[in-house]
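Here is the structure we will look at.
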Amino acid sequence: MSVFVIIYFACLIASSCLAAYYEKRPTFLTLFSLTLISFVLGIVGGVPALRFVATAAGLLAFAAGISFAFREFIVIIAPANISKEVRTAPLTAAFGMFVIFTYAIAGIFAPWIAPYGESEVIASAFAMPDENMLLGADQLGRDMFSRIIYGARNTVGLALLATLAAFFMGAFAGLLAATKGGWFDQFMGRFADVIMSIPSLIFALLMLSIFGPQVTVIIVAVAIIYAPRVFRLTRAVAGNVVVMDYIEAAKLRGEKTWYLIRKEILPNSTAPLIAEFGLEFCFVFLLVAGLSFLGLGIQPPTADWGSMVRENATMISFGEITPLIPAAAIALLTVAVNFVVDWMLFRSSGLKE
Amino acid sequence: MGDLLGLVAKRLGFGLLTLLVISVIIFFMVELLPGDIAQAVLGQGATEENLAALREQMGLNKPAVVRYFEWLGNALTGDFGTSIVTGERVSTIITERFINTLFLAAYAAVIAVPFAVTLGIVVALLRNTLFDRVVNVLTLTSISSPEFFLGYILILYLAVKTGMFPAISSLRPGMTFWELLDRTFLPALTLVLVVTAHMMRMTRAAIINLLASPYIEMARLKGAPPWKVIVRHALPNAWAPIINVIALNLAYLITGVVLVEVVFVYPGIGQALVDAVSKRDFPIVQSCCLIFAATFILLNLAADVAAILTNPRLRHPK
């Protein structure tokens, strides 16, 4: 029995005793059941299995710690009304905000953070990591780490632009349809139905095959594909606002459609729209990543997470995990946005169950 | 019963209409090309004679509306024209691949559907416990990961490091059924992971939604145990949303399959579509898109019809 195993079980048992002593029932149950499971795991999988559990728990604790610290940080620096909201946020949401913040920093300051340029060839193909290159080189000998940093700017930037385009188109059409009503509303509704009944990836592939894989085409294609979803939601939310008395009053005052949308309807339907923006971003981000994985996204030599996975996929058959890092970066950001959206939806709906 | 049939017929009619509109979109989208298909295929350096010959061969001299109806009529009888790049019949390229794709999707669905629905019910029963939260975070992670991420993780750990399953799903004619299942296990598992997460979350939401209704409160107050409340009282009313969820996710499988096929080099229709897109082989792109869209719509249609048929209020009219 190695020292690691002894320390492992000593830590678990000591902390479950502490939890039991302070009457923290859920914590105690979790810790103690983990101890029991570890006995079985240790017998079946040996030390590596226990090491895996310890690493996972350590990572989890690290993530929880950093989320907690980040939440406190926001509570202190944010103005009073925001910090009151943030104080009640669950740790997952704080974690999400932390990840989004990190990505934003990486994307904005990419040229200063990355040690090399995104298309600079500095080593031989698939060179191993050394003190110059944190993650080694890719299939053309470019620094993997620098390309991942630049990818934060290119991939996320493209997804953000596309989401904004889809969002503004959809929200504008939705607000207009809710305010105008009548045949315009009907027509837009049917139109949205038709677009939504084509699978999004297939529709994107169709458009890209015709107009070629350029950034503008991707943005327009994504905007056309996702605008109907935003339209549906905006139409539904604004539809509830339009029937209010104050809208009637504004109409009687003789206000124009544009004023009604901007001053009366929009301020009263922002909360669900912001949550929808987050969700929409996740869909768009995954679609764009999928397209660039298929070689139809941002074209080389610009660094882009999806195509990086594809180009370095051969390394996976040698047991390397480096090609998975860009894919993990995509997954992490999507999870983070989802966590934050979950919290916002929970808060705005006031759901307790 | 008349009402019920009327509803179903109306829904079917609407589905067919959507399909027609989509075929129009798919066909006329290609007409938006700067120049025409012949120009796009041969490039800028093409001579006038070559262009004219290709136009003649593809029948581009007829008006677009006439060509649309010919194309649609041929597609309905299973004739999708010929590939621009290789000159093969599109139907011979696609048919076998389409069967492969359907096999993969069915394989994934057979594992995912029972698993996801059971898990969804269990999680609804144990809602707001630690187990629920852990499952919530895990499914959220699975949904948020791109399909190729999950696929490569599975390749790395189940194929490269442990060698339990083959990393590439190449199919040969004359394979036994077991060999086939073994070869396609990893792509199927990738699809299962993605779809299960969606389906489970939606099943949980559907059941929890119902648990707020007064008749469930009544069942609880009369002292029925929690599992009985769910299985006897909530589930019969939850079937409609759950069937809807299943069908929606089967439809989702159809698009998810494209990326997974590329990751595992599986000879399916998604791979054919991606190849055709980068070669700009429009007849193949159009037919693949039409097949994908039709499958997607048919599944959605099936979901709606099943929802109508399982709705207790419609089945037993007052």
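Just so it is clear, the model here is predicted, and its values are computed rather than measured. Residue numbering restarts at 1 for every chain, and letters A, B, ... go by the order of the sequence lines.
- At a 4.5 Å heavy-atom cutoff, the contact between B/Val160 and chain A is made by side-chain atoms alone.
- Counting only distance, with no hydrogens or angles, the side chain of A/Glu311 and the backbone of A/Val309 share no donor-acceptor pair below 3.5 Å.
- Considering only heavy-atom pairs separated by less than 4.5 Å from chain A, the leading option among B/Val274, B/Ile22, B/Val21, B/Ile297 is B/Ile22.
- Ring geometry, A/Phe285 versus A/Trp305: the interplanar angle exceeds 60°, so the pair is classed perpendicular (tilted spans 30 to 60°).
- The closest donor-acceptor contact from the side chain of B/Glu261 to the backbone of B/Gly270 lies under 3.5 Å.
- In this structure, chain A has heavy atoms under 4.5 Å from both the backbone and the side chain of B/Phe292.
- Only the backbone of B/Ile143 comes within less than 4.5 Å of a heavy atom of chain A; no side-chain atom from C-beta onward does.
- When heavy atoms are compared at a cutoff of 4.5 Å, A/Ala336 does not approach chain B at all.
- At a 4.5 Å heavy-atom cutoff, the contact between B/Phe14 and chain A is made by side-chain atoms alone.
- The candidate from B/Thr18, B/Leu150, B/Leu156 with the greatest count of non-hydrogen atom pairs under 4.5 Å with chain A is B/Leu156.
- Contacts between B/Phe296 and chain A at a heavy-atom distance below 4.5 Å involve the side chain alone, from C-beta outward.
- Between the side chains of B/Tyr266 and B/Thr101, no donor N or O sits under 3.5 Å from an acceptor N or O.
- For chain B, the nearby parts of A/Ile316 are the backbone and the side chain; heavy atoms of each come within less than 4.5 Å.
- Between B/Ile26 atom CD1 and B/Cys289 atom SG the span is 5.0 Å, to the nearest 0.5 Å.
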(message) Walk me through whether B/Leu140 and A/Asp342 qualify under side-chain contact (heavy atoms from CB on, under 4.5 Å).
(response) CA-CA 10 Å; B/Leu140 206 58; A/Asp342 255 12; 4.1 Å; yes
